[in-house]
Every structure is written in C-alpha cells, then in structure tokens.
Amino acid sequence: GLILGNVTGELTFTDLDIFNDAGIGLGVLSTGALNAGAGTGFRIAVGVGVATIDSNAGPGVSITGSSVSLPLGFYRSTNSTTTGLNLVNAFGGVASTAFGAAAGSISDPVGASGVAVNIDGGNGNITVGIPVTNNSGNAVVVTNRTGDLVSFAAAINETGSGLTHTNNTGATISYSGGITASTGANTAFNATGGGTIGVTGTNTLTTTTGTALNFANTTIGGVGLNFRSISSNGGTNGIVLNATGTTGGLTVTGSGNGTQGGDNSGGTIQATTDDAIRLTSTHSPSFTNLRIQNGGARGIDGTNLTGSGLFRAGTITGMGTGGGADRNGISIINTDTDMTLFTVENSLFSNSDSGTSFIFTSARGTSDMSVTVTGSDFSDLVALAVQVNAGDSETGVHTVNATITNNVFRNASPADGQGGVAVACADQDATMNFDISNNQFYDLIKGIAGGNSEIVLAQVTGGDLNGTFASNTLGTSAFG
C-alpha cells in the first residue's frame with residue numbers, strides 16, 4: 001500500500017491505483033487540515049472517478065488528521081481485522097467531496113472490535129455508494145460530525161454490533177440502499193446526541209435482547225425513518241424514540257396487509273421487560289402489520305406526540321406480565337402538546353393482565369387531540385377496552401374528538417373482566433366530542449363485585465361533553 005505518516009504539504013494524483021494483499025491500502029497520518037500559509041497539515045487528492053483502491057486484510061483507506069478529496073472510481077476492502085474504511089478528522093471542505101465510491105464493496109471486518117465504516121469528525125460530503133457486509137463489530141459508526149452529508153446509498157447487511165450515530169449536531173446522515181440488521185443482544189440502529197438522519201428503501205431490524213431501534217435527541221429527517229419490519233425478543237424495549245423533532249417520523253410498513261390483525265410482516269416485539277415501544281416527543285409514528293405480545297408493561301407508551309399517528313392491521317396481546325399500575329396496550333398522554341389524530345384501525349387486542357385500559361389516551365393542559373378507533377376486535381380484557389379523556393383536572397382550553405366505530409368488544413376476562421368503552425371530560429375548560437356508533441358489545445362485565453361497572457361510560461366532571469351513541473348492539477353472545 002501507500003502509507004504517508006507524519007506528513008505535511010499536498011499530494012495530488014491525476015490517477016491512483018492501489019492493489020494491496022495485506023494491511024492498509026492508502027494510509028495518511030498528519031496533524032490536521034492543510035494550512036499552506038502556516039506550513040501545517042496535509043492534503044491528498046485524486047481525480048474524479050478514476051482511482052482504484054483494492055485492499056485485502058486491511059482497510060482500503062485510513063485517514064487521520066488530513067485534508068482529502070477522494071472521489072474514487074472503485075473501492076474494495078475485504079476481511080480487514082480493524083476497519084474497512086476509516087476517516088478520522090478527514091477534511092474535505094464544507095460542501096465539497098471528502099470521499100466517494102460508486103463501485104466495489106466493503107465486506108466482513110473480522111476483528112471483534114472492528115468497524116466496517118468508521119467516520120469520526122472532519123467535514124465535507126461522504127458518499128458510500130457500495131454495499132457493506134459486516135459480521136462482527138459495527139457495520140457503521142458515524143460520530144462527531146458538525147456539518148455536511150454522510151450518505152449510504154447501497155445495501156448494508158449487518159450481523160455484528162449494529163449501526164451507531166453519536167454527537168453529530170449539524171450533520172445530515174442518509175441511508176437509501178436498504179439495511180438488513182440482525183444484531184442479537186446489541187442495538188441494531190442507534191442514534192443519539194444530534195444531527196438529522198433519514199432512512200428510505202427496504203429496511204429490517206432484528207434483535208434478541210437488544211433494543212432494535214434507539215433514536216434520541218436526534219432529528220428524523222423529512223424523508224422519515226422507514227422500515228419494513230422491526231423485531232425484538234426479550235429486551236428492555238424494542239423501539240425507543242425520544243426528542244426526534246417535528247420534521248419526519250418513524251414508519252413501519254410491513255407488507256401493507258389490510259386484514260384485521262394483519263400478517264405480522266411489520267415485525268414482532270415480544271417479551272420486553274418494560275414498554276415494548278416507548279415514544280416521547282416524536283412526530284407521526286406509524287405501525288402497520290406489527291405484533292406486540294407478552295410484554296412486561298405497555299405495548300406502546302406515547303408522551304407528547306405530534307402530527308398523525310397510526311396503528312393499523314396489527315396485534316397487541318398479553319401485555320402487563322411484569323406487574324405495575326400502568327400496563328395499557330396503547331397509552332398516549334399529551335400535556336400542552338397538540339396531536340392532530342391517532343388512529344387504530346383493523347387491529348386485534350386480547351388477553352390483558354391489567355387493571356388499566358387497553359387503549360388509553362389523555363389530552364391534558366391545552367392539548368388538542370383526535371382519536372379514532374375503527375374496525376378492531378377486543379377480547380379477553382380485564383379493564384376497559386378504550387378510554388379517551390379530555391383533561392385530568394388541569395386547566396387549559398382544548399378540544400378532544402373521539403370516534404369509536406365498527407368495532408367488536410367481546411368475551412371479557414372470565415374472572416374480573418369489563419371490556420367496554422369510556423369517554424370522559426375532566427377539565428372545566430375542555431370540550432369532548434364523541435361518536436360511538438355501529439359497534440358490537442357482548443359477553444362483557446364478569447366477576448366484578450356487585451356487577452358495578454359499565455359497558456359504555458360517558459362521564460363529565462368538568463367542561464363540555466357532546467356526542468352520539470347510535471346503532472350499537474349489546475348482548476350476552478355474538479350477533480349474526
């Protein structure tokens with residue numbers, strides 16, 4: 001290879017071809033970006049699209065503390081024991097190209113601590129347009145970027161320690177080639193501490209005890225975070241979103257199956273010790289064909305959500321195995337935060353081990369919120385199936401709209417089941433508007449002392465409650 005250590009000055013190639021059997025293909029170590037006037041730093045550059053770097057058992061490129069312009073024609077790193085591509089404080093210049101590769105591949109850094117693509121600090125745009133295959137260590141680490149774009153435009157196949165992004169305030173990171181990550185006890189996709197990240201294409205995340213997706217204090221880009229499926233089994237949480245801005249949201253699409261309960265193609269999150277999905281100050285989360293089962297606490301726990309949320313053609317069953325007071329299937333509590341609409345559609349809910357409602361929403365303070373539950377089936381529940389609240393004894397002018405239509409509420413838990421619906425207005429400055437229509441209610445209210453419970457409850461302890469209860473059927477057995 002070509003190794004340049006402790007160098008200053010500038011080196012430019014009209015063409016550069018490196019074929020390396022072992023070790024680093026192109027290695028540069030200097031003190032920082034080139035400052036010709038001061039006689040410090042170093043810069044290396046090649047012509048656009050003409051250079052080839054092909055390295056075995058080592059990184060094709062390893063740059064530390066240098067200005068760079070490396071728009072390569074072909075790049076390959078195979079079976080490196082350290083990194084496949086290593087750019088540490090590599091300075092391409094703001095909005096200029098630091099590194100690019102449109103042909104080649106990075107495959108299997110075999111060291112346990114290896115990183116297939118390691119980008120730390122620096123500036124300039126970086127485009128990894130070649131597939132990355134990684135079996136140990138991290139497929140991608142991007143950290144300490146303060147601007148410009150890092151783009152992954154080809155497929156990433158990861159069975160190591162996951163993709164990690166930390167402390168990238170001011171930077172934009174994009175994935176468009178498809179991510180397939182199965183990382184066991186490690187977080188599959190982790191983003192914390194700033195920056196904007198967008199993920200498009202067909203993407204899947206799978207873990208065992210690791211959190212599949214952890215995204216905190218980082219902005220979801222306008223293109224969103226788009227995954228076909230997200231699965232985990234036995235971790236604390238399956239998905240965690242916290243403080244992700246209001247530009248884009250998480251979307252899990254599954255196959256798009258629209259039948260009641262779906263086909264689980266959006267993934268299965270199961271046996272979590274805490275909430276299966278925890279959403280805090282995030283925008284427009286959407287889940288289709290997702291199954292959540294046998295979790296220790298809530299299925300989905302949402303706090304201060306914005307935009308429009310969706311749970312469509314999914315299943316939530318067996319939640320609350322870990323005990324505790326709050327074990328809703330879906331819980332959304334907003335305080336002084338508006339949410340345009342949260343929709344539950346064509347979904348299945350069953351087998352709650354809980355004294356709390358399976359779907360629980362509460363708009364508090366000045367929060368406006370609309371909630372729609374339609375085409376869904378609720379069975380074997382202990383407490384209420386659906387509870388929508390306007391206020392919780394706070395003050396603040398706000399409006400809540402609840403639309404609960406074309407659902408089936410049935411077969412309450414034999415010992416102490418309830419399984420009905422409640423809409424409540426508890427804030428003197430709140431308005432609750434509801435439509436409870438065309439639902440079936442049967443075989444509910446079991447084992448409750450004195451039979452003191454309700455199938456449908458509309459309650460006002462403050463504010464205005466307005467609504468319609470129409471064309472519903474109630475009975476002790478299924479209707480034809």
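Values below: all heavy atoms of this structure, side chains included; hydrogens, waters and symmetry mates excluded.
Side-chain contact annotation: T282 with T244, donor-acceptor N/O pair under 3.5 Å present. When only modelled atom types and interatomic distance are considered, T192 and N217 share no side-chain donor-acceptor pair under 3.5 Å. T280 and N242 share no side-chain donor-acceptor pair at under 3.5 Å. A side-chain donor from one of T166 and T143 sits under 3.5 Å from a side-chain acceptor of the other. A donor atom on one side chain and an acceptor atom on the other are found under 3.5 Å apart for N401 and S370. Remark: the T366 side chain and the D336 side chain contain an N/O donor-acceptor pair separated by less than 3.5 Å. Between the side chains of T259 and N257, at least one donor N or O lies within less than 3.5 Å of an accepting N or O. Side chain to side chain, H283 and T306 meet the donor-acceptor criterion of an N or O pair below 3.5 Å. A donor and an acceptor atom, one from each side chain of S350 and S379, are nowhere located under 3.5 Å apart.
Using cut-offs of 30° and 60° for the angle between ring planes, the Y75 and F99 rings count as perpendicular. Between F378 and F349, the ring planes are parallel. Angles under 30° get that label, and only those over 60° would be called perpendicular.
For N328 (side chain) and I359 (main-chain N/O), no donor-acceptor pair under 3.5 Å exists by modelled atom type. Of the possible donor and acceptor atoms, one in the side chain of N289 sits under 3.5 Å from a partner among the backbone N and O of G256. Formation of a donor-acceptor pair under 3.5 Å by the N35 side chain with backbone atoms of A38 is found in this model. N168 places a side-chain N or O within 3.5 Å of a backbone atom of R145 that can act as its donor or acceptor partner. Formation of a donor-acceptor pair under 3.5 Å by the N334 side chain with backbone atoms of N304 is found in this model. A distance-only check finds no donor-acceptor pair linking the side chain of T78 to the backbone of N56 [under 3.5 Å]. No donor-acceptor pair under 3.5 Å is formed between the side chain of T247 and the backbone N or O of G221. In this structure, N20 contributes its side chain and G1 its backbone to a donor-acceptor pair below 3.5 Å. Of the possible polar contacts, none joining the T83 side chain to the V115 backbone as a donor-acceptor pair under 3.5 Å is found. In this structure, the side chain of S376 engages the main chain of S347 through a donor-acceptor pair within 3.5 Å.
Contact of the S255 side chain with the R228 side chain is registered, since non-hydrogen atoms from C-beta on lie closer than 4.5 Å. Between D17 and F74 the shortest side-chain heavy-atom distance does not fall below 4.5 Å. Side-chain contact between F189 and H165: present, with at least one pair of heavy atoms (C-beta onward) separated by less than 4.5 Å. Looking only at side-chain heavy atoms (C-beta outward), L87 and I63 come within less than 4.5 Å of each other. Looking at heavy atoms from C-beta onward, F91 lies out of side-chain contact with L34 at the 4.5 angstrom threshold. Side-chain contact check for L85 versus S77: every heavy-atom pair is 4.5 Å or farther apart. Side-chain contact between F42 and L11 is present, with at least one heavy-atom pair separated by less than 4.5 Å. Side-chain atoms of V50 and T14, non-hydrogen and from C-beta on, never get closer than 4.5 Å to each other.
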Take S161 and N138 through the side-chain hydrogen bond (donor to acceptor under 3.5 Å, both in side chains) test and state the conclusion after the steps. CA-CA 5 Å; S161 301; N138 296 95; 4.9 Å; no
Kindly determine whether T335 and D392 satisfy side chain to side chain contact (heavy atoms under 4.5 Å, CB included), including the steps that lead there. CA-CA 10 Å; T335 302; D392 191 25; over 6 Å; no
Kindly determine whether N203 and Y175 satisfy side chain to side chain contact (heavy atoms under 4.5 Å, CB included), including the steps that lead there. CA-CA 10 Å; N203 307 284; Y175 291 88; 5.6 Å; no
Determine, stepwise, if the pair T272 / N237 fulfils side chain to side chain contact (heavy atoms under 4.5 Å, CB included). CA-CA 6 Å; T272 53; N237 311 105; 5.5 Å; no
Side chain to side chain contact (heavy atoms under 4.5 Å, CB included) between L213 and L241, worked out: CA-CA 8 Å; L213 174 62; L241 303 182; 4.0 Å; yes
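Smallest separation of non-hydrogen atoms from A191 and I197: CB-CD1, 3.6 Å. A pairwise comparison of heavy atoms in V400 and N389 identifies CG2-O, 4.1 Å as the closest pair. Heavy-atom minimum distance, S174 versus L149: CB-CD1, 4.1 Å. The nearest pair of heavy atoms linking N294 to M319 is N-SD, 4.0 Å. Taking both residues in full, the closest heavy atoms of G60 and S55 are given as CA-CB, 3.6 Å, listed atom of the first, atom of the second, then distance. Nearest heavy atoms, S67 versus A33: OG-CA, 3.3 Å.
The one candidate from T343, N407, I330 that meets the side-chain contact (heavy atoms from CB on, under 4.5 Å) condition with V373 is N407. Under the side-chain hydrogen bond (donor to acceptor under 3.5 Å, both in side chains) test applied with D120, the options T64, N89, N144 reduce to a single match, N144. Put simply, the residue from L26, L70, I24 that forms a side-chain contact (heavy atoms from CB on, under 4.5 Å) with I53 is L26.
Taking CG of N186 as the start and OG1 of T159 as the end, the distance is 10.5 Å to the nearest 0.5 Å. Rounding to the nearest 0.5 Å gives a distance of 11.0 Å between CG of D301 and CZ of F360. Once rounded to the nearest 0.5 Å, the distance linking CD1 of I277 with CD1 of I316 reads 7.5 Å. Taken from OG in S331 to CZ in F358, the straight-line distance is 12.0 Å, to the nearest 0.5 Å. In this structure, the separation between CD1 on I130 and CD1 on I106 is 4.0 Å, given to the nearest 0.5 Å. The distance from the CG atom of L279 to the CD1 atom of I239 is 7.5 Å, given to the nearest 0.5 Å.
For D15, the CG atom counts as densely surrounded, since its 6.0 Å shell holds more than 12 non-hydrogen atoms of other residues, nucleotides or ligands.
For residues 340-350, every residue pair satisfying the salt bridge (Lys or Arg N to Asp or Glu O under 4.0 Å) rule, not counting sequence neighbours, is listed here: R312-E345.
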